[in-house]
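Note that ligands are numbered from 1 as they come in the structure, with each ligand's atoms numbered from 1 the same way.
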Amino acid sequence: MIKVVKFGGSSLASAEQFAKVGKIIHADKDRRYVVPSAPGKRNAKDSKVTDMLYACYELVEAEEDFRVPLMKIKDRYDTIINGLNLKLSLEEEFKKITQNLKNGAGVDYAASRGEYLNGMVMACYLGYAFVDAAEVIFFDENGNFDADKTNRALSERLAKEERAVVPGFYGSMPDGSIKTFSRGGSDITGSIVSRAVHAACYENWTDVSGFLIADPRIIRNPKPIKTITYRELRELSYMGASVLHEEAVFPVRKAGIPINIRNTNAPEDEGTWIVESTCQQSKYTITGIAGKKGFVSVNIDKDMMNAEVGFGRKVLAAFEENEISFEHIPSGIDTMTVFVHQPEFEGKEQAVISAIHRLAEPDSIELEGDLALIAVVGRGMRATRGTAGRIFSALAHANINVKMIDQGSSELNIIIGVSNADFENAIRAIYDIFVETQL
Ligand code: ASP
């Protein structure tokens, strides 16, 4: 059996953290392929190596001296290397990096060195082979990830290594230059490697014991989520949960490989399993609650709207013209409401209103800002009667005015709109009714 293990920056911030990681890897001989991030923060005031590299690159661009900040980065690695008593010198590597930066290697090259160097340290520490991601992870001419080419090269390369470290976050362009994924992208690399080696599971080690039913900043000690499906996670992550990079689910999902989110600082915790499908019902009707503040509703009224072919398209064209994406569009017989992100919308509101008038000729348009959307998600909802009823009676008891309700056709989620001011109380009320009262 093969397990791929990815470790986030906080799991690799210091020699002590590396030692915990080493213990975890050695505890299970199936943990054969390791994907590290760059060293993260050691404490709240510390900087992530990736951020230091971006800052360093700004100096390169401004043609200022970048040697001092680059040496600070080298110190971070040397402290880890010395703390682990490794016989490894990054002297030559840093000379090469300095040279390449002077010769115009781009910002992605600079940022990727965090993972590249950490991969070297990790490979030396574990005695595993080091496989540079630039040789096995590919992007096409347009900068899009090339899944097929990568999968072929990576499978072939790793078939030759019993155990290996592949640094996260980057790959190469057809011309050989380095390109990174978006921030947090080592999660994606871990998923790509898992697919290439047909792993039995992809363990993603971080500093929390998986997903929680609700945001711990709102609910004190929320219960953990044991198992969540990919679809449920999409419904939740899109509303703001941030443990795993959104794009990391795609490569493994295609291959039917489950992801297990684990905590490096509490390896005994089982964490959260993310799976394609499961016959396990969650303990509660709902799997999770997530939400986001800062939406505007644009309410458009027109008599006989329901009979007018193309009305929705005309309304949405007004948003498209202004390059605004919409979040939800609940509708009634003579009304249609478009929910958009307030910060994106604010500067363009008058342009959008006039475009709607021009294109769709409505009777009236009304705006309401400072709204929050809350997604209540759960595969258990399909089989349970009265879920919506329970949510609304809980909200009514908490004196919260519900501004919008939208149930996805998959019966996997119910989206509720409330005012920003009611956001936290609404989440508490919903959590209490489903989790605290164990319904
Ligand atoms: N080091 C990169 C970042 O900070 C990628 C990662 O950690 O996944 O975004």
Side-chain angles (χ1 to χ4, degrees), residues 4-14 17-18 20-21 33-58 69-70 72-74 76-77 80 90 93 97 105-123 130-134 136-137 139 143 145 150 165-172 178-195 202-208 210-211 233 237 240-252 259-265 274:
V4 171
V5 284
K6 180 261 167 180
F7 290 90
S10 59
S11 301
L12 302 167
S14 63
Q17 290 298 89
F18 257 80
K20 288 186 197 168
V21 166
Y33 299 102
V34 182
V35 176
S37 285
K41 293 181 181 192
R42 289 162 294 189
N43 52 60
K45 287 196 196 113
D46 204 9
S47 310
K48 290 175 73 165
V49 163
T50 310
D51 292 327
M52 294 166 83
L53 285 161
Y54 280 119
C56 196
Y57 187 76
E58 276 179 23
L70 191 63
K72 279 216 173 105
I73 296 171
K74 183 168 181 293
R76 287 286 297 267
Y77 288 101
I80 294 172
L90 296 178
E93 291 295 337
I97 293 169
V107 60
D108 283 16
Y109 168 81
S112 73
R113 295 306 89 182
E115 270 71 10
Y116 171 81
L117 295 165
N118 222 23
M120 291 196 136
V121 176
M122 178 67 95
F130 174 76
V131 175
D132 186 355
V136 283
I137 305 247
F139 294 87
F145 170 60
T150 298
V165 175
V166 183
F169 192 37
Y170 70 95
S172 59
I178 298 289
K179 175 162 173 61
T180 64
F181 291 109
S182 55
R183 293 300 303 267
S186 299
D187 285 340
I188 307 174
T189 310
S191 181
I192 293 167
V193 172
S194 302
R195 177 180 170 213
Y202 167 26
E203 291 181 348
N204 188 296
W205 292 80
T206 175
D207 53 5
V208 290
F211 293 103
L233 182 64
S237 74
S242 62
V243 177
L244 185 75
H245 194 296
E246 278 193 16
E247 290 163 40
V249 303
F250 300 110
V252 279
I259 306 176
N260 188 196
I261 306 286
R262 300 286 291 266
N263 188 350
T264 299
N265 304 317
I274 310 169

Criterion side chain to side chain contact (heavy atoms under 4.5 Å, CB included) on F211 and I274, from CA distance to verdict: CA-CA 10 Å; F211 293 103; I274 310 169; 3.7 Å; yes
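- Using a 4.0 Å cut-off to heavy atoms of S37, the atoms of ligand 1 that qualify are 6 (C), 7 (O), 8 (O).
- By the 4.0 Å heavy-atom criterion, G185 is counted among the residues contacting ligand 1.
- With a 4.0 Å heavy-atom cut-off, ligand 1 is reached by the backbone of S186 and by its side chain too.
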Run the numbers on C56 and K72 for side chain to side chain contact (heavy atoms under 4.5 Å, CB included), then give the verdict. CA-CA 10 Å; C56 196; K72 279 216 173 105; over 6 Å; no
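- When ring centroids are compared, F139 and F181 come within the 6.0 Å threshold.
- At least one N or O atom of G184 sits closer than 3.5 Å to an N or O atom of ligand 1.
- None of S186, S191, S182 except one satisfies the side chain to side chain donor-acceptor pair (under 3.5 Å) rule with H245; the exception is S182.
- Between T50 and ligand 1, at least one N/O pair is under 3.5 Å apart.
- At a 4.0 Å heavy-atom cut-off, ligand 1 touches K48 through the side chain alone.
- For H245, the heavy-atom gap to ligand 1 stays at 4.0 angstrom or more.
- Between V252 and S194, the closest heavy-atom pair is CG1-CB, 3.7 Å.
- The heavy-atom pair separating A248 from I259 by the smallest distance is O-CD1, 4.4 Å.
- Distances below 4.0 Å separate heavy atoms of R183 from the following atoms of ligand 1: 3 (C), 4 (O), 9 (O).
- For ligand 1 and E115, the ligand atoms under 4.0 Å from any heavy atom of the residue are 1 (N), 2 (C), 5 (C), 6 (C), 7 (O).
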Between D132 and Y170, is a side-chain hydrogen bond (donor to acceptor under 3.5 Å, both in side chains) present by the stated rule, with each step listed? CA-CA 9 Å; D132 186 355; Y170 70 95; 2.5 Å; yes
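- Here's the thing with D187: none of its N/O atoms is less than 3.5 angstrom from an N/O atom of ligand 1.
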